[in-house]
Amino acid sequence: MPELPEVETTKLGISPHVVGGKICEVIVQRSDLRWPVSPELGEMAGVVFVSVKRRSKYLLLETDSGQVVLVHLGMSGSLRLVPPAEEWRKHDHIGITLSGGLQLRYHDPRRFGLVLVVPLSEIQTHPLLKNLGPEPLEEGFTGAHLHAALRGKTIALKVAIMDAKVVVGVGNIYASESLFRAGIHPRLPAEKLSKPKAERLVAAIKEVLTESITQGGTTLRDFLNSDGQPGYFKQRLFVYGRKGEPCRVCETPISHAVLGQRATFWCAVCQRR
DNA sequence: CGAACCTCCTGCGGGC
DNA sequence: TGCCCGCAGGAGGTTC
């Protein structure tokens with residue numbers, strides 16, 4: 001389940017091997033992902049990657065042809081670099097062989113991800129990207145921004161911070177974890193979040209994501225030929241997935257409910273609205 | 001516009 | 001131990 005830290009880790013891991021590489025061959029085993037893989041991808045031989053960027057959980061592989069390969073890993077996707085001759089695993093759907101002697105392999109069991117080719121000139125206005133809120137780790141994401149973005153929203157705060165128009169990159173796990181760190185109840189109506197609490201929550205989101213990226217970084221050295229799955233599973237989560245288990249701070253059993261169709265976890269003592 | 005719900009798909013966990 | 005059912009989840013789409 002790639003969350004923003006995993007996508008950032010992926011970006012950092014593949015960049016050194018992808019940037020400057022010329023596409024020798026594109027192999028599409030399956031094109032029925034979240035949306036069909038762009039047919040143009042198969043015609044990109046000879047094109048050179050010039051940069052790898054990230055916006056929200058999208059990876060943008062920019063090329064010298066004015067095209068951008070837009071990749072989203074969905075829930076189960078990963079990118080890894082392998083020798084071109086390496087055997088294709090089950091659910092390896094796309095291989096992009098590069099001049100440097102490696103192949104970028106897209107793997108996605110559930111096929112919730114996507115690989116699209118978008119003209120660079122249309123990136124800013126692309127439907128998937130144009131309405132995205134601020135990056136959580138950039139300066140534009142402040143308590144004031146969050147407070148303003150939640151105005152008029154009656155939905156649960158936890159649901160609201162997962163809305164990409166409010167802020168991008170806060171997935172289900174980190175939404176619960178951030179609220180725990182900020183000591184705020186996930187069911188608080190979003191518009192009721194005070195400015196001081198908004199400041200606390202923003203700080204918590206930045207902390208959680210930053211720490212997780214740091215952990216993802218520990219897997220970077222193994223990124224080449226690895227399965228590309230950094231291990232946030234290994235990190236010590238405070239509340240996520242811990243229903244009924246003792247809170248790591250006060251030992252109260254962790255609460256669980258479904259909010260906005262998503263599993264939500266909190267400590268009823270540490271997080272009092 | 002906001003809110004609630006639906007959908008895609010497969011691996012895996014829980015239950016028996 | 002082994003099988004099977006049903007859940008989980010990112011995020012766009014649909015409906016009200």
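Heavy atoms only: backbone and side chains are in, while hydrogens, waters and symmetry mates are out. Note that this is a predicted model, so its numbers are computed, not measured. Chain letters run A, B, ... following the sequence lines, proteins first, then strands; residues in each count from 1.
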Chemist: OP1 or OP2 of C:dG10 sitting under 4.0 Å from any side-chain N/O of A:His72?
Modeler: no
Chemist: Write out a two-atom table: protein N or O, nucleotide N or O from nucleotides 11-16 of chain B, distance below 3.5 Å.
Modeler:
residue, atom, partner, partner atom, Å
B:dG11, OP1, A:His91, NE2, 2.5

Chemist: By nearest atom, which of the nucleotides C:dG10, B:dT10, B:dA3 is closest to the A:Met162 side chain?
Modeler: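 Out of C:dG10, B:dT10, B:dA3, the nucleotide with an atom closest to A:Met162's side chain is C:dG10.
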Chemist: How many whole angstroms separate atom CG of A:Leu114 from atom C1' of C:dG13?
Modeler: 15 Å
Chemist: With respect to the side chain of A:Trp35, which nucleotide from B:dC5, B:dA3, C:dG12 is positioned closest?
Modeler: C:dG12
Chemist: Given atom NZ of A:Lys165 and atom C1' of C:dG12, what is their separation to the nearest angstrom?
Modeler: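 That distance rounds to 10 Å.
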Chemist: Taking the side chain as every heavy atom from C-beta outward, state whether A:Pro186 and A:Gln271 have any pair of such atoms under 4.5 Å apart.
Modeler: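 Touching, per the 4.5 Å side-chain cut-off.
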Chemist: A:Tyr58 has a side chain; which of B:dC5, C:dG12, B:dA3 sits nearest to it?
Modeler: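 Looking only at side-chain atoms, A:Tyr58 lies closest to C:dG12.
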Chemist: Please walk me through it: do A:Arg151 and A:Glu191 pass salt bridge (Lys or Arg N to Asp or Glu O under 4.0 Å)?
Modeler: CA-CA 5 Å; A:Arg151 192 176 303 143; A:Glu191 64 183 358; over 6 Å; no
Chemist: When all nucleic acid strands are considered with a 4.0 Å heavy-atom cut-off, which category describes A:Arg34: base, sugar-phosphate, or nothing?
Modeler: base
Chemist: Would you mind telling me which of B:dA3, B:dT10, B:dC5 lies closest to the side-chain atoms of A:Gln261?
Modeler: B:dC5
Chemist: Could you go through A:Leu137 and A:Glu8, starting from their C-alpha distance and side-chain angles, then the distance that decides it, and tell me whether this counts as side-chain contact (heavy atoms from CB on, under 4.5 Å)?
Modeler: CA-CA 11 Å; A:Leu137 297 179; A:Glu8 181 69 15; over 6 Å; no
Chemist: Just to be sure I understand the rule, does A:Leu128 reach a base, reach only the sugar-phosphate, or reach nothing, if contact means heavy atoms closer than 4.0 Å?
Modeler: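 Sugar-phosphate contact only.
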Chemist: Just compare B:dA3, C:dA11, B:dT10 and give me whichever is closest to any side-chain atom of A:Thr154.
Modeler: B:dA3
Chemist: Round to a whole Å and report the spacing from CG of A:Asn131 to C1' of B:dC1.
Modeler: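 It is 13 Å, rounded to the nearest whole Å.
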Chemist: With a cut-off of less than 4.0 Å, is there a side-chain N or O of A:Arg111 near OP1 or OP2 of B:dT10?
Modeler: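 Answer is yes, contact under 4.0 Å.
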Chemist: Rounded to whole angstroms, how far apart are CE on A:Met75 and C1' on C:dA11?
Modeler: 12 Å
Chemist: Take atom CG of A:Asp163 and atom P of B:dA3, then tell me their distance rounded to the nearest Å.
Modeler: 9 Å
Chemist: Any non-hydrogen side-chain atom of A:Asp163 less than 4.5 Å from a side-chain atom of A:Val170?
Modeler: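 When only atoms from C-beta onward are counted, A:Val170 and A:Asp163 do not touch, as no gap falls below 4.5 Å.
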Chemist: Under 3.5 Å, is there a donor-acceptor pair between the side chain of A:Glu135 and the main chain of A:Ser56?
Modeler: yes
Chemist: From CG of A:Leu259 over to C1' of B:dC5, roughly how many Å is that when rounded to an integer?
Modeler: 15 Å
Chemist: Round to a whole Å and report the spacing from CD1 of A:Ile155 to P of B:dC1.
Modeler: 15 Å
Chemist: Are A:Leu259 and A:Phe265 linked, directly or through other ILVMFWY residues, by side chains that come within less than 4.5 angstrom of each other?
Modeler: no
Chemist: Given the rule that I, L, V, M, F, W and Y join up when any side-chain heavy atoms are under 4.5 Å apart, are A:Tyr58 and A:Leu4 in one cluster?
Modeler: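 No, A:Tyr58 and A:Leu4 fall in different hydrophobic clusters.
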Chemist: Categorize A:Ala263 for me: base, sugar-phosphate, or nothing, with a 4.0 angstrom heavy-atom threshold over every strand shown.
Modeler: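 A:Ala263: backbone/sugar contact only, no base atoms under 4.0 Å.
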Chemist: Atom CZ of A:Arg262 to atom C1' of B:dA3: distance rounded to whole Å?
Modeler: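 Taking CZ of A:Arg262 and C1' of B:dA3, I get 15 Å after rounding.
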Chemist: Establish, from distance only, whether the side-chain atoms of A:Lys130 and A:Thr125 form a donor-acceptor pair under 3.5 Å.
Modeler: no
